[in-house]
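Working notes, beginning with the structure itself.
Side chains are part of it too, since the values below use all heavy atoms of this structure and drop only hydrogens, waters and symmetry mates. Just so you know, ligand 1 is whichever comes first in the structure, and atom 1 is the first atom listed for that ligand. Because the structure is predicted, anything quoted here is derived from the model rather than measured. Position 1 is the first residue of the sequence, and the numbers go up from there.
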Amino acid sequence: MFGFLKKKFSQAIESLSKKKEEEQKLEKNLEKIEEKLEKQPEKVEEVVEKAKALVEKQSPELREVVGKDLEGVEKVAEEKPSESPSLFRKLIKKITEKKLSESDVEPILNDLETGLIEGDVAYEVAGKIKSDLKNSLVGKEVGRGEIKSIVSNSLKQSLLDILNVPILDLEENVKKKKPYTILFLGFNGSGKTTTLAKVGKWLVGKNYSCVFAAGDTFRAASLEQLEEHAEKIKVDVIKHKYGADPAAVIFDAIQHAQSKGIHFVLADSAGRVHTNRDLLDEMKKIVRVNKPDLKVLVIDSMTGNDAVLQARMFNETGVDAVIFTKVDVNEKGGAILSVTYELKKPILFLCNGQRYEDIISFNAEDFVNNLVGG
Ligand SMILES: Nc1nc2c(ncn2[C@@H]2O[C@H](COP(=O)(O)OP(=O)(O)OP(=O)(O)O)[C@@H](O)[C@H]2O)c(=O)[nH]1
Ligand SMILES: [Mg+2]
């Protein structure tokens with residue numbers, strides 16, 4: 001699950017850490033030879049040679065800068081040997097400046113941004129992650145051994161910020177409103193009907209009563225598909241004929257639930273009618289007539305960048321929460337970040353398979369820890 005994004009995040013953490021870790025290793029080694037210089041300032045020539053060799057071996061890119069300074073140390077040592085250790089100390093500091101600089105992070109963050117876009121993260125969101133990281137890293141003091149956790153914590157914070165949306169608790173909500181009607185919206189094939197059945201099973205498992213409303217009267221076999229699930233889960237289905245008005249079907253289901261004291265009405269809907277405009281008009285009518293308590297947009301997480309367009313389109317009816325499906329077959333995962341950033345609505349569940357039990361309550365921290373590690 002989300003292997004692609006995980007890889008991009010861990011590559012960025014590794015690259016950002018590597019440079020600092022190398023500098024810190026060099027610092028440690030230089031400190032050791034500095035101790036020698038303090039004890040025996042007359043050995044300056046030997047110490048400088050050793051330092052040059054170390055730099056050459058560990059950070060050849062620093063050769064030019066450090067080379068000149070080391071010669072400076074040697075020169076001072078000839079005239080005033082007592083000052084050479086402090087000069088050497090200054091040099092170590094210069095090499096291993098503890099603050100992260102813009103040039104340390106910029107190229108790595110650019111690579112991360114490109115990687116995120118390849119992973120279906122919308123441009124705007126990838127840009128936000130990049131600038132969050134830059135703001136929290138540049139100028140930051142980094143102690144030895146701290147760099148990895150600093151980078152990964154900054155990354156986690158940025159992702160949590162994107163996923164910082166209200167939490168939705170169906171069990172709390174049904175205490176206030178019964179029956180509680182949930183309308184499942186989304187494009188054809190996104191997983192509405194399967195997800196509706198999973199949610200039904202999940203609720204029945206918690207001892208809530210449910211009725212299904214067969215609000216997809218358009219697609220061939222949609223009624224049979226819903227009835228099959230209802231039979232397995234042992235809940236009633238309210239249905240009309242194919243071609244009937246879905247708003248009327250859902251209306252009847254709500255009446256049925258009211259008269260029987262049922263907790264939840266789970267209303268299916270069509271994913272495709274003649275045009276997207278017709279589909280939206282149909283959804284708007286359902287909403288107008290039935291005022292569902294929760295309009296849940298079901299998005300196939302494999303949709304890629306189109307997911308944001310879908311979200312915007314369905315949000316014309318007012319989306320209250322989102323469920324992402326097929327995360328079991330999704331390597332990228334960017335759609336979850338992009339859609340949540342766009343809609344700022346709760347993620348009710350992630351669905352990770354075709355069985356009833358393949359449904360996970362969403363927890364932003366678990367999700368982020370899974371992506372970033374740790
Ligand atoms: N791997 C995987 N497959 C899923 C998941 N959710 C749904 N599917 C499959 O996706 C396909 C479409 O699911 P449906 O529930 O029929 O989708 P729908 O949105 O109701 O489709 P329409 O009724 O045509 O609009 C089915 O084969 C499901 O088994 C999931 O989380 N993981
Ligand atoms: Mg369906």
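- One finds no salt bridge joining E118 and K332 here, because no Lys/Arg side-chain nitrogen approaches an Asp/Glu carboxylate oxygen to under 4.0 Å.
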(request) Could you give me the CA-CA distance, side-chain angles and deciding distance for F367 and F2, then say whether ring-ring contact (aromatic ring centres under 6.0 Å, His included) is met? (result) CA-CA 10 Å; F367 179 78; F2 316 130; 5.4 Å; yes
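- Protein heavy atom in closest approach to atom 31 (O) of ligand 1: K326 N, 3.0 Å.
- For the pair K344 and Y341, the cation sits on the ring face: its NZ or CZ lies under 6.0 Å from the ring centre, inside 45° of the axis.
- Atom OH of Y242 sits in a crowded spot, with more than 12 heavy atoms from other residues, nucleotides or ligands closer than 6.0 Å.
- The protein heavy atom nearest to atom 1 (N) of ligand 1 is D328 OD2, 2.8 Å.
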(request) In sequence, state the C-alpha distance, the side-chain angles, and the governing distance for K201 and E357, and then conclude on salt bridge (charged side-chain N to carboxylate O under 4.0 Å, His left out). (result) CA-CA 8 Å; K201 173 103 192 225; E357 57 272 31; 5.8 Å; no
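- In this structure, R272 does not count as a contact residue of ligand 1, since none of its heavy atoms falls inside 4.0 Å of the ligand.
- Of all protein heavy atoms, the one closest to atom 3 (N) of ligand 1 is Q354 CG, 3.3 Å.
- By the 4.0 Å N-to-carboxylate-O rule, E106 lies close enough to K134 to be salt-bridged with it.
- Between E14 and K7 there is no salt bridge, since no side-chain N of the basic residue sits under 4.0 Å from a carboxylate O of the acidic one.
- Near the Mg ion (ligand 2), less than 2.8 Å away, sit the protein N, O or S atoms T193 OG1.
- Contacts between T195 and ligand 1 below 4.0 angstrom, taking non-hydrogen atoms only, are absent altogether.
- The closest protein non-hydrogen atom to atom 6 (N) of ligand 1 is T325 CB, 4.0 Å.
- Partner S301 forms a side-chain hydrogen bond (donor to acceptor under 3.5 Å, both in side chains) with one of N330, T325, D328, D120 and no other, that one being N330.
- Close contacts between ligand 1 and N352 involve ligand atoms 31 (O) [criterion: under 4.0 Å to a heavy atom].
- Closest to atom 12 (C) of ligand 1, if we only count protein heavy atoms, is G189 O, 3.7 Å.
- Interface atoms of ligand 1 facing G271, defined by a heavy-atom separation under 4.0 Å, are 25 (O).
- Contact between F187 and ligand 1 is present, with at least one heavy atom of the residue lying under 4.0 Å from the ligand.
- K285 has a carboxylate O that lies under 4.0 Å from a charged side-chain N of D245, or vice versa, which qualifies the two as a salt bridge.
- The salt bridge (Lys or Arg N to Asp or Glu O under 4.0 Å) search around E227 returns K239, not counting sequence neighbours.
- At least one heavy atom of G353 lies less than 4.0 angstrom from ligand 1.
- Of the charged side-chain nitrogens involved, at least one lies within less than 4.0 Å of a carboxylate oxygen, so that K175 and E172 count as a salt-bridged pair.
- Remark: ligand 1 and S269 share no N or O pair separated by less than 3.5 Å (distance only, no angle test).
- Counting heavy atoms closer than 4.0 Å to ligand 1, residue K198 contributes side-chain atoms (C-beta onward) but none from N, CA, C or O.
- A salt bridge links K128 and D132; the closest N-O separation between the charged side-chain nitrogens and carboxylate oxygens is under 4.0 Å.
- For NZ of K52, the number of neighbouring non-hydrogen atoms (other residues, nucleotides, ligands) closer than 6.0 Å is greater than 12.
- Cation-pi geometry between K198 and W202 is not satisfied (NZ or CZ under 6.0 Å from the ring centre, within 45° of the ring normal).
- Atom numbering of ligand 1 starts at 1 in the shown order; those under 4.0 Å from a heavy atom of D216 are 23 (O).
- Atom 18 (P) of ligand 1 has K192 N, 3.4 Å as its closest protein atom, hydrogens excluded (heavy atom only).
- Of the protein's heavy atoms, R219 NE, 2.8 Å lies nearest to atom 24 (O) of ligand 1.
- Among all protein heavy atoms, the one lying closest to atom 13 (O) of ligand 1 is T194 OG1, 3.4 Å.
- Ligand 1 has an N or O atom lying under 3.5 Å from an N or O atom of G191, backbone or side chain.
- Here the options are H263, E171, K178, the test is side-chain hydrogen bond (donor to acceptor under 3.5 Å, both in side chains), and the partner is Y208; only E171 passes.
- Not a single heavy atom of D358 sits less than 4.0 Å from an atom of ligand 1.
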